[in-house]
Amino acid sequence: MTFGGDNAESYYDEGLTASMKGDLKHAIQHLEKAVQLDPSFLAAYHQLGRCYSRLGDGKRSVEILKKVVSLKPMQVPFRLDLGAALLALGLTQQARDQYEQVITLDPSNGRAHIGLAHVCFSEGRWPAAMAEAQIALNGTGPNFAALYILGRAAKLAGNIELSQRSLQDAAVLIEKAADLSPNQPEGFYLRGEVSFAQDQFSSALEHYLGAEQRCDPQKAYTAYGENFTLIDILRLNKPERARDLGERILKLDPTHKLGQALKNL
């Protein structure tokens, strides 16, 4: 029984708290109990769908979030999270439909435009991804999620100057955020992702290691739309990834000592 009593609201509160702490196992248990006690509790269903998405169970997440959206089609947060869950499954057209519905309701919604940028990126449409990220930045001002996808898309589109500027701006933002929580893994992980996109591979590995050292194996983490667990970090740090990094470094500089060391792992 929850601290607040055996009712749907108390289980929802417990579930939401556990979700915020990254304890998705207990979050799902509490939220499932909340919707059992009150099948009309849409906020609990919404959070339950988000938890399953963060766990990587996209099918279950989409199933729940589609139900929520069908009952409250004008609720923007429901559609945004459904779009993200669909995109994670590779269902880009369905994800696009959700983000475009949001923009119809709220043309300046930054998260929707960033979502569309990710859709376009997944489809290999780099200029379109850049355009959506720029719209988000014009509406919200500098933010990590928009700068990060803009920098990656611009790099693949061949606009190296824009890519470097955007990724550097993203790095500055995440450095500031990380300085406020130096013992949390999120900042290290995202700095690793940015460094990797910048082809700064030694820095990327250093940041991934910092994230690994601070990561609780029982928790799932989320920041700026990026979800990860310790398993994801270990996958980044495993020898196969290191050797791949070494090969990429040597393509840029065949005499690079770190590149040679990584390739030979």
Side-chain angles (χ1 to χ4, degrees), residues 1-123 132 135-136 139-140 143 145-146 149 220-227:
M1 184 179 295
T2 64
F3 180 78
D6 192 21
N7 56 73
E9 290 76 13
S10 294
Y11 281 106
Y12 171 77
D13 290 340
E14 294 282 351
L16 187 59
T17 298
S19 174
M20 293 173 64
K21 292 179 178 179
D23 185 359
L24 298 184
K25 177 182 177 181
H26 286 102
I28 287 173
Q29 290 177 351
H30 290 305
L31 293 167
E32 291 278 15
K33 184 65 175 180
V35 298
Q36 289 173 10
L37 292 172
D38 183 358
S40 67
F41 201 163
L42 289 188
Y45 275 114
H46 177 216
Q47 294 301 326
L48 186 59
R50 296 186 68 188
C51 286
Y52 276 115
S53 182
R54 289 172 61 189
L55 273 180
D57 190 344
K59 291 184 178 180
R60 179 64 175 142
S61 174
V62 166
E63 176 187 347
I64 294 171
L65 292 172
K66 278 187 173 180
K67 176 180 179 179
V68 172
V69 167
S70 69
L71 293 171
K72 288 286 186 178
M74 304 298 286
Q75 287 291 324
V76 165
F78 295 171
R79 287 193 179 275
L80 289 171
D81 288 325
L82 175 56
L86 289 164
L87 183 57
L89 287 178
L91 301 174
T92 55
Q93 185 53 56
Q94 292 186 46
R96 179 189 300 279
D97 290 343
Q98 294 303 318
Y99 292 130
E100 289 179 345
Q101 287 282 349
V102 170
I103 290 171
T104 298
L105 296 169
D106 180 9
S108 63
N109 189 286
R111 281 187 62 193
H113 285 291
I114 292 172
L116 282 177
H118 281 281
V119 168
C120 295
F121 189 93
S122 297
E123 296 171 339
E132 292 294 342
I135 293 172
T140 64
N143 71 84
I149 188 67
Y221 297 89
T222 185
Y224 301 99
E226 303 290 331
N227 301 314

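Everything numeric here is computed off the predicted structure, so don't read it as measured data.
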Hey, does the side chain of [X] reach the backbone of [Y] with a donor-acceptor pair shorter than 3.5 angstrom?
X: Ser10; Y: Asp6; value: no
X: Arg79; Y: Pro73; value: yes
X: Tyr99; Y: Ala84; value: yes
X: Ser53; Y: Gly58; value: no
X: Ser61; Y: Asp57; value: no
X: His46; Y: Val69; value: no
X: Arg50; Y: Ser19; value: no

Any chance the side chains of Asp97 and Gln101 put a donor and an acceptor closer than 3.5 Å?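 There is no such pair between these side chains.
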Could you measure the distance from the [atom1] atom of [X] to the [atom2] atom of [Y]? Nearest 0.5 Å is fine.
X: Met20; Y: Thr17; atom1: CE; atom2: OG1; answer: 7.0 Å
X: Gln94; Y: Leu89; atom1: CD; atom2: CG; answer: 9.0 Å
X: Lys67; Y: Leu48; atom1: NZ; atom2: CG; answer: 10.0 Å

Checking salt bridge (Lys or Arg N to Asp or Glu O under 4.0 Å) for the pair Lys33/Glu14: CA distance, chi angles, key distance, verdict? CA-CA 10 Å; Lys33 184 65 175 180; Glu14 294 282 351; over 6 Å; no
Passes side chain to side chain contact (heavy atoms under 4.5 Å, CB included), Leu55 versus Ile28? Steps please. CA-CA 10 Å; Leu55 273 180; Ile28 287 173; 3.3 Å; yes
Checking Tyr224 now: which residues fulfil side-chain hydrogen bond (donor to acceptor under 3.5 Å, both in side chains) with it, not counting sequence neighbours?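 Per chain and number, Tyr224 pairs via side-chain hydrogen bond (donor to acceptor under 3.5 Å, both in side chains) with no residue.
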Might you point out which heavy atoms bring [X] and [Y] nearest each other, and give the distance in Å?
X: Phe78; Y: Val68; value: CD1-CG1, 3.0 Å
X: Leu87; Y: Gly115; value: CD2-O, 4.4 Å
X: Asn7; Y: Leu37; value: C-CD1, 3.7 Å
X: Ala44; Y: Leu31; value: O-CD2, 4.1 Å

Checking side chain to side chain contact (heavy atoms under 4.5 Å, CB included) for the pair Asn109/Leu80: CA distance, chi angles, key distance, verdict? CA-CA 10 Å; Asn109 189 286; Leu80 289 171; 4.0 Å; yes
Tyr221/Asn227 under side chain to side chain contact (heavy atoms under 4.5 Å, CB included): CA gap, chis, key distance, verdict: CA-CA 6 Å; Tyr221 297 89; Asn227 301 314; over 6 Å; no
For the pair Arg111 and Asp81, evaluate salt bridge (Lys or Arg N to Asp or Glu O under 4.0 Å) and give the outcome as yes or no after the intermediate values. CA-CA 10 Å; Arg111 281 187 62 193; Asp81 288 325; 3.3 Å; yes
